[in-house]
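Single-structure report; data block below.
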Amino acid sequence: MGDLSGYKGAALRLLEGAGAAVGDVLEVRTAWGAVTGTLVPRYLYGDGEHVVLKLKSGYNVGLSLEDISEVRVSAKGEKPSFSPPPPPESPEGLPRVLVIGTGGTIASRIDYRTGAVRPAVTSDELRSLVPELSQVARVDPEIMFDIMSENIAPSHWTKLARRVARAVGEEVDGVVITHGTDTLGYTAAALSFALAGVPIPVVLVGAQRSPDRPSSDAPLNLIAAVSVAATANFSGVYVAMHLNESDDRIAIHRGTRVRKNHTSRRDAFESVDVPLAAVWGRGGLEHVAEGLPPRGREFEPSVRFDEGAALLKFYPSMPGALVRAARRSGAKVIIMEGTGLGHVSEEVAKELKSFIRSGGMACMTSQCIRGRTDLSVYDTGRDLIHMGVLQLGDMLPETALAKAMWVLGTGARGEKARKLMAEDLAGETTARTFPG
Amino acid sequence: MERLLVGLELHQQLASSTKLFCACPTVKTEEFPGKFERRLRPAQSETGHLDPAAVFEFAKGRSNLYFWNPESSCLVEADEEPPHPLSREALRDSLLIAATLGSHLMGEVHVMRKIVIDGSNTTGFQRTAVVGLGGSFDVDGVRVGVQTVTLEEDAARILGEDDASRHWGLDRLGVPLVEIALEPVDGDPDLVGRVALHLGRVLRSTGKAARGLGTIRQDMNVSLGGGKVVEVKGVQKLNLLPKVVEYERRRQSMLRRVAEELQGKGARRVACVHADVTGVLRGSASPVVSKLLSGGAKAVCIAATGLGGLLGWEPEPGVRLGKELAEVARANGVGGVIHSDEFEKQGIQPVEEAAIRRAVGCGSEDALVIVAGRADAVDRVVPLLADRLGACVDGVPAETRAPTDGGETRYMRPRAGSQRMYPETDVPDITVTEAEEAEISREAPEDWRSRVGRLEREWSLSRDLALKLYDADEIERFEELARRLEIEASFIASVFVDLPARLSREGVAESGYSHSALAQALEAVASGVVAKEAVPDVLKAAWEKGMTVEQAAGALGLERIDEVHLAGILDGIVSRQAALIREKGDAAFSPLMGEAMKELRGKADGALIARLLREKIAGFSRAPD
């Protein structure tokens, strides 16, 4: 039986009866004439009433079963062999960059027969698709996971951190991690703690437009990420994404201060309340912030995470039961996203108090995203301080969550954990906020 | 003579209220407050192949600057937001058009991405979907088959370009259009013109076609004697179609004859060698060469075996292989191409030619092609030209060409391969419901020929006027005025269809044109304020100076004068010319009429003037001295 992926119901029976498989050339007789085309897969949610053919012109058309009188296979499909153009030669002595894939496609090619998109997996394929990389570094691609970024969990952070830590010993000049953009900010923050002090640049990169389209932002983001990983004179964990809607500059964000602030724009990622770490242009780094850690630092990774932390967003009428539910689900730390300077209702405050009394740690961030918490301004805030809520200042809620999981992963509890949460370990919080 | 086949592809913008994949209105923008820059790159197919047209555009290394205005575009056009669901309104309009052409409507519509990386789409592809398959219509007894009817988004509007980038306006990007691809017809230029005209009228009959400049354009696939297909893109004016067909016939015939000459010599492929001749040509006596080489330019000479004498050969008027090469070079940013058949004309001395031949290492029978310009551009163009020369033995190359204003065609890029279409995964497939199909069949429009016939009969119009009214989409307004005003319908019709064109020819800006002024002028004629003859001058003044019709008539002194006043003026003329009347009698009418018209043009009806003048002359003759 050939592949008939996606077909169901009457359409599936008709195609099975004809001995057809995806990729075959079919001649379909209809009430109004014959149509010849290649059978293409049906999407998951398609109905069982249509057969989809790719015409010679390349168009797909959906033919209604009620029009079809006969299906005949006129040629069996041949599996196309992939022979990309040879990648350009790399000059000798280029820096070496490990490119780790986590599931978001780095670069991909299209099956015009069926429309499927396949990721590039070898170094040659990658360099053939993005030839500019050959002039920047020797790239070693390595696919670690093949998952959507919303399915990335702390266990993946640990694996990534371990792999990067090993790469440091393999004389790699820098590491690039390609990652779906949805949770890219969380992973960047998590790795910033796990790899605090990493002596090379570790650059996370994603794309807001998929790489199967000519307008994708992936190639330029990737070129910039590889270029920074290969040549920057600073170290640490960063995110490289478009600076604006143009294909000319790439923003290099600090891993603990970056947030996805738009659902679809190329420049969705923003550094919150801190200047960009650097800006990359086609000629290389154009601007580098002062005070970034140099390469070659002492490094002692701590790669474990403990999932016993929860992030709760306060809203008007939020039931205290949600705090209890978090606690019951195993949370040892609750990061609250309070309103304004960091406030929650009396009901939620009461529950937090009881959570703290039972040994939990409650931390306050703000859902305003920009600015810092200040619990001393209003009575509500003072009450929270009094009951032991730890305010996290200008730390991003998502960063605070990743940090809490990391803190728990180190085994720290009680006062020690509280101290770690409050301290600046990887640039996640600063004492001063600037205009602009 | 070998058979020429022409497949027309007509693109018609729809008059839908929104764009195809977002809620932006379909309006033209004059000012663009925002801009951004993009670079597009070819996406690779499963077999590792890259679309030749895509590679060609990418190799030029130019970026695209997009200009936008929130009044006409949003993040979707900027490719910063996924497309919204396909406009149901546009889908219905396109299905109605497909049904009108007798196409079978698709039960399920699949939106595809067609790779286009010349920058005209921010995404690097055009979203397009087949809505109808098959169908046919009849043009003067010739059956013309329809291949497909597709609904697609229009491309961005080119605003300009320089060496570094192309500039595009995003207002037009995403406007819904239908593409109707016809089966090839016999390449009789006149038939091709009539087919296009007919199809345009069919579209208009549905009431779903947008009007105005640039809302309709034709592509043509032209092949000679079963040879490769040449695509001519974007013929906007209908009257250019026959000229373009005829030019392509001559051009393709020339290329075939060149191939036959080569085949006759037993050539399988034209061998090419090339060498840098910058040094050889430095200090050349030819002013053309020294100009090309100024400012550090580079010159490379290609020698092509067996092509001597064929580059400048003109077996049909206005088509030469040499011209083809220059077009390919120009499309790649190199303006300087000189070939050996024109060395003498360009002032290259025989001694220089000999030096070039030595440098390239070729015989005196080979054709030489000098390519001069910026070094990087020359290096890019030389292999392209060598390929083109090499393939001369195969006849017509498949390529995409653009029409010129004069109806010739120019090389644009290699033809896109078929491996450039894949599904638009951001837009779900759409099922056309039975209710929609039923509604569409209820809306079937009246055949344009029967509508024009009805117009002719009901208002006693000439076929020409009736057709012009139909083509100008003025039937409704015409009929409203013809019913209401006591003026000859053919006069109203001619004011509607001939006058705007005439004023435009006289240089009156179209921006001043208004239907209300047109109606006012006709009303003024009906009420006797303005004479028929004065309508053109009055409207011209009204449009040019932004006046009302009455103001314009007053300003020009063209208010109609009444019969008593008119008689007085004619009396004056008759008495002034008494001697002439006495001498010539009735034969004095002509000179007197001339004098009267000089004074009265536009103020009174010519026929009335003539009648009164004849009466006066007769009366004068009869009167005693």
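Per chain, numbering begins at 1; letters A, B, ... match sequence-line order.
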Point to revise | Over 12 foreign heavy atoms within 6.0 Å of CZ, B/Arg88 | key: yes
Exercise for review: Give a yes or no on whether the backbone of B/Leu40 and the side-chain of A/Ser215 come within a donor-acceptor separation of less than 3.5 Å.
Suggested key: no
Review point. Is chain A contacted by the side chain of B/Thr123, its backbone, both, or neither, given a heavy-atom distance below 4.5 Å?
Key: both
**Study point:** A/Leu220 portion near chain B, given a 4.5 angstrom heavy-atom threshold
**Key:** neither
Check your understanding: How far apart are the closest heavy atoms of A/Arg209 and B/Pro82, and which atoms are they?
Key -> NH2-CD, 4.4 Å
Exercise for review: Could you walk me through whether B/His110 and A/Lys54 pass the side chain to side chain contact (heavy atoms under 4.5 Å, CB included) test, one step at a time?
Suggested key: CA-CA 10 Å; B/His110 292 251; A/Lys54 179 179 281 295; over 6 Å; no
Review point. Just how far is it from atom CG of A/Asn60 to atom CD of B/Glu424, taken to the nearest 0.5 Å?
Key: 12.0 Å
Check your understanding: From A/Ser246 OG over to B/Asn64 CG, what is the distance, rounded to the nearest 0.5 angstrom?
Key -> 11.0 Å
Check your understanding: Quick one: what part of B/Ala129 sits under 4.5 Å from any heavy atom of chain A, side chain, backbone, both or neither?
Key -> backbone
Point to revise | chain B contact via A/Gln208 - which portion, at a heavy-atom distance below 4.5 Å | key: neither
**Study point:** Segment of A/Arg265 engaging chain B (4.5 angstrom heavy-atom cut-off)
**Key:** both
**Study point:** Contacting region of A/Asp67 [heavy-atom separation from chain B under 4.5 Å]
**Key:** side chain
Check your understanding: Do A/Asp247 and B/Arg41 meet the salt-bridge criterion of a basic N to acidic O distance under 4.0 Å?
Key -> no
Exercise for review: Would you check if B/Asp426 and A/Arg213 make a side-chain contact, meaning some heavy-atom pair closer than 4.5 Å?
Suggested key: yes
Study note, to complete from the structure: Interatomic distance, OG@A/Ser64 vs NE2@B/His104, rounded to 0.5 Å, equals 6.0 Å
Review point. Just wondering, are more than 12 heavy atoms of other shown residues or ligands nearer than 6.0 Å to CD in B/Glu434?
Key: no
Exercise for review: Please say whether more than 12 non-hydrogen atoms of neighbouring residues, nucleotides or ligands are located less than 6.0 Å from NZ in A/Lys76.
Suggested key: yes
Check your understanding: Looking at B/Asn121, B/Thr150, B/Thr431, B/Val131, which has the largest count of heavy-atom pairs under 4.5 Å with chain A?
Key -> B/Thr150
Practice item. Report the C-alpha separation of A/His262 and B/Leu75 in whole Å, then their side-chain angles, then the decisive distance to 0.1 Å, and conclude whether the side chain to side chain contact (heavy atoms under 4.5 Å, CB included) test is met. Key: CA-CA 12 Å; A/His262 197 279; B/Leu75 286 187; 3.7 Å; yes
Review point. Can you find a heavy atom in the side chain of A/Arg266 that is under 4.5 Å from one in the side chain of B/Arg38?
Key: yes
Practice item. Might you confirm whether atom CD of A/Gln135 has over 12 heavy atoms from other residues, nucleotides or ligands at distances under 6.0 Å? Key: yes
**Study point:** Among B/Thr148, B/Val111, B/Thr128, side chain to side chain contact (heavy atoms under 4.5 Å, CB included) partner for A/Tyr59
**Key:** B/Thr128
Revision key, fill the gap. Value for CG (A/Leu55) from CE (B/Met421), rounded to nearest 0.5 Å, stands at 8.5 Å
Review point. How far apart are the C-alpha atoms of A/His50 and B/Asp429, what are their side-chain angles, what is the distance that settles it, and do they pass the side chain to side chain donor-acceptor pair (under 3.5 Å) test?
Key: CA-CA 11 Å; A/His50 293 88; B/Asp429 307 334; over 6 Å; no
Check your understanding: For the atom pair CG (A/Leu63) and CG (B/Leu133), what is the distance rounded to the nearest 0.5 Å?
Key -> 7.5 Å
